[in-house]
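Reading through the structure tokens given below for one structure.
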Amino acid sequence: MRGNASILWSAPPQFELVPTPDPEVDIGALSDGEWNGSLLRVTHFSEVSLTVVPSSYGHLAAARRGGGPSDPLFLAVTGVTRIGEGLVLGKRANDVTDGGAWEFAPSGGVQRLPIEHQMLTEATEELGVSVDSLSIGSPVALFVDSIAFTADLIIPLRVNLSVAQFISTFVPGEYERVEVLHADQVGTFLSHNSADLSAVTPFIAGLIDEGKLAIFQ
């Protein structure tokens, strides 16, 4: 479970939630700017399904410091967001987890199922778009980051606004900046910012380059 891994799905995966008591949150394990809610922990993933249990952000924070469980993989979502002919990348603010990193936006840890609801929350909170402007697809891939301890679901989104409308209404928050780039500009942009990328970002860019996310073309 700890090694890097990836899955491409030809059909949306099935999710199984294993019932457990509500997780306790270790507030003392959190640093300023880290969210203190519960998350879903992945106990198994395959070509067709994921099994998850509730866990705490405190456990994830401890694991990142090397003092936690040996193999936690917390479920996250990353949207590959299409606006017009462009894809959205965001630079995370310095005062949040992974500050300064560029990533396909939006992104965040999954609190509960169904994951589409989490994706909706992330898009409205981080991109500042309205619910009625969003179209959310099903997961198309999963990427495991053994350093961040996340199993990241890649989900296509469409924002039914013009690029100008989106840029004019964007308010910095978890993302200090956003860029809307055509697919053929993404590789050059990421190359210029190669020192400041989240682990999942090159993985998604590779899928786009290889035509494996043709839904965005």
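Atoms considered below: every heavy atom in the structure, side chains included; atoms not considered: hydrogens, waters and symmetry mates.
Applying the side-chain contact (heavy atoms from CB on, under 4.5 Å) test between Val80 and each of Leu89, Leu207, Leu87 identifies Leu87 as the sole match. With respect to Val178, the side-chain contact (heavy atoms from CB on, under 4.5 Å) criterion is satisfied by exactly one of Ile167, Ile83, Thr81: Ile167. For the side-chain contact (heavy atoms from CB on, under 4.5 Å) criterion with Leu142, the lone passing option out of Ile154, Leu50, Val200, Val42 is Leu50.
Neither side chain, Asp152 nor Thr150, offers a donor N or O lying under 3.5 Å from an acceptor on the other.
Each side-chain hydrogen bond (donor to acceptor under 3.5 Å, both in side chains) pair with one or both residues in residues 186-199, not counting sequence neighbours, appears once here: Ser198-Thr201. Among residue pairs with one or both ends in residues 115-127, none qualify as salt bridge (charged side-chain N to carboxylate O under 4.0 Å, His left out); sequence neighbours excluded.
Annotation for Val186 and Phe104: closest pair CG1-CZ, 3.9 Å, computed over non-hydrogen atoms. The shortest heavy-atom contact between Pro54 and Leu17 is CD-CD1, 4.1 Å. Taking both residues in full, the closest heavy atoms of Pro156 and Ser138 are given as CD-O, 3.1 Å, listed atom of the first, atom of the second, then distance. Across all their heavy atoms, Ser55 and Arg41 have their closest contact at CB-CB, 3.8 Å. Across all non-hydrogen atoms, the minimal contact from Gly90 to Ala105 is N-CB, 3.9 Å. Here the closest non-hydrogen pair linking Ala123 and Leu134 is CB-CD1, 3.7 Å.
Clustering ILVMFWY residues whenever any of their side-chain heavy atoms sit less than 4.5 angstrom apart, transitively, puts Leu127 in the very cluster that holds Val163. Criterion: ILVMFWY side-chain heavy atoms under 4.5 Å apart, direct or through other members. Under it, Leu8 and Val140 are part of a common hydrophobic cluster. Leu157 and Val131 fall within the same hydrophobic cluster, defined by Ile, Leu, Val, Met, Phe, Trp and Tyr side-chain heavy atoms under 4.5 Å apart, directly or through other members.
Panel note: side chain Thr51, backbone Thr43; no donor-acceptor pair is recorded below 3.5 Å. Put simply, the side chain of Gln118 gets close to the backbone of Gly109: a donor and an acceptor are under 3.5 Å apart. A distance-only check finds a donor-acceptor pair linking the side chain of Asp145 to the backbone of Ala148 [under 3.5 Å].
Within 6.0 Å of CD on Glu210 lie more than 12 heavy atoms contributed by other residues, nucleotides or ligands.
One distance of note links CZ of Arg112 with OG of Ser38; it measures 6.5 Å at 0.5 Å rounding. The distance from the NE2 atom of His117 to the CD atom of Gln111 is 12.5 Å, given to the nearest 0.5 Å. To the nearest 0.5 Å, the span separating OG on Ser130 from CG on Asn160 amounts to 9.0 Å. Between atom OG of residue Ser46 and atom CD of residue Gln14 there is a gap of 10.0 Å, rounded to the nearest 0.5 Å. Rounding to the nearest 0.5 Å gives a distance of 11.0 Å between CD1 of Ile208 and CG of Asp184. Expressed to the nearest 0.5 Å, how far CZ of Phe170 lies from CZ of Arg177 amounts to 10.0 Å.
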Inset, instruction - Take Tyr175 and Val88 through the test side chain to side chain contact (heavy atoms under 4.5 Å, CB included) and record every step on the way to the result. - result: CA-CA 11 Å; Tyr175 293 116; Val88 179; over 6 Å; no
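Looking at heavy atoms from C-beta onward, Phe143 lies out of side-chain contact with Thr78 at the 4.5 angstrom threshold. For the pair Leu75/Phe45, no side-chain contact is recorded, criterion being any heavy-atom separation below 4.5 Å from C-beta on.
In this view, Glu103 and Arg92 satisfy the salt bridge (charged side-chain N to carboxylate O under 4.0 Å, His left out) rule, not counting sequence neighbours.
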